[in-house]
Amino acid sequence: MSEKLYKPLLIDSVKATADLSKQIFVGLDGGVCGAGEKAYGVCDVETDSGQLAPVGVLGILLVTAGGEVTAGNPVTSDANGKAVEIESTGEVNGYALDDASASGEVIRILRGI
């Protein structure tokens with residue numbers, strides 16, 4: 001499997017209110033983004049609670065899929081901050097650029113359009 005490249009156009013810092021894994025959606029409160037909620041962005045590195053987390057806000061970002069995802073579809077967050085397709089409601093946190101066949105796969109998303 002080849003490595004996926006990402007192109008963040010804007011990375012900001014947010015104080016982590018929980019331990020954050022890399023490549024998950026971060027909520028506006030600095031914690032793990034909740035299911036269907038608007039994300040501040042995608043955490044770029046593992047970050048302990050209370051530390052400043054670099055968060056990709058805009059660009060082509062890497063995020064962990066929470067299930068099957070089809071390229072081109074809008075994605076939102078699941079309860080663990082992973083990217084899932086929007087079924088009926090939920091905030092659009094980006095558009096999948098890659099397919100994922102199962103939870104745990106890392107995909108690229110386009111965020112900010």
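Note that the structure is a prediction, hence the values are computed from the model and not measured.
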Shortest non-hydrogen pair, Pro54 vs Ile11, comes out as CB-CG2, 4.0 Å

Answer yes if Leu97 and Val69 sit in the same cluster of Ile, Leu, Val, Met, Phe, Trp and Tyr residues linked by side chain heavy atoms under 4.5 Å apart, and no otherwise.
no

Minimum heavy-atom distance Ala65-Ala102, with the two atoms named
CB-O, 4.2 Å

Checking Asp98 now: which residues fulfil salt bridge (charged side-chain N to carboxylate O under 4.0 Å, His left out) with it, not counting sequence neighbours?
Arg108

Among Ile86, Thr76, Ile113, Val75, find the one that has a side-chain contact (heavy atoms from CB on, under 4.5 Å) with Val92.
Ile86

Nearest heavy-atom pair of Tyr95 and Gly72: which atoms, and what distance?
CD2-O, 4.1 Å

In this structure, CD of Glu3 is separated from CG of Leu62 (nearest 0.5 Å) by 9.0 Å

Test side-chain hydrogen bond (donor to acceptor under 3.5 Å, both in side chains) applied to Ser101 - qualifying residues, sequence neighbours left out:
Glu105

Under the salt bridge (Lys or Arg N to Asp or Glu O under 4.0 Å) rule, what pairs show up with a residue in residues 25-50, not counting sequence neighbours?
none

Please list, chain by chain and in numerical order, all residues satisfying side chain to side chain contact (heavy atoms under 4.5 Å, CB included) with Leu5, sequence neighbours excluded.
none

Do Asp99 and Ile107 have side chains that approach each other closer than 4.5 Å (heavy atoms only, starting at C-beta)?
no

When you measure from the side chain of Ser77 to the backbone N and O of Phe25, does any donor-acceptor pair fall under 3.5 Å?
no

Hydrophobic cluster of Val57, others only, ordered by chain and residue number, side-chain cut-off 4.5 Å:
Leu9, Leu10, Val14, Leu20, Ile24, Val26, Leu28, Val32, Tyr40, Val55, Leu58

Share the residues that join Leu52 in a hydrophobic cluster, the rule being Ile, Leu, Val, Met, Phe, Trp or Tyr side chains under 4.5 Å apart at the heavy-atom level.
none

Rounding to 0.5 Å, atoms CG (Asn80) and SG (Cys33) come to a distance of 11.0 Å

Only pairs at least two apart or in different chains count here, so list each side chain to side chain donor-acceptor pair (under 3.5 Å) that has a residue in residues 63-72.
Thr70-Glu85

Would a 4.5 Å heavy-atom cut-off, applied to side chains only, mark Val63 and Lys82 as touching?
no

Rounded to the nearest 0.5 Å, what separation is found between the CG atom of Leu61 and the OH atom of Tyr6?
8.5 Å

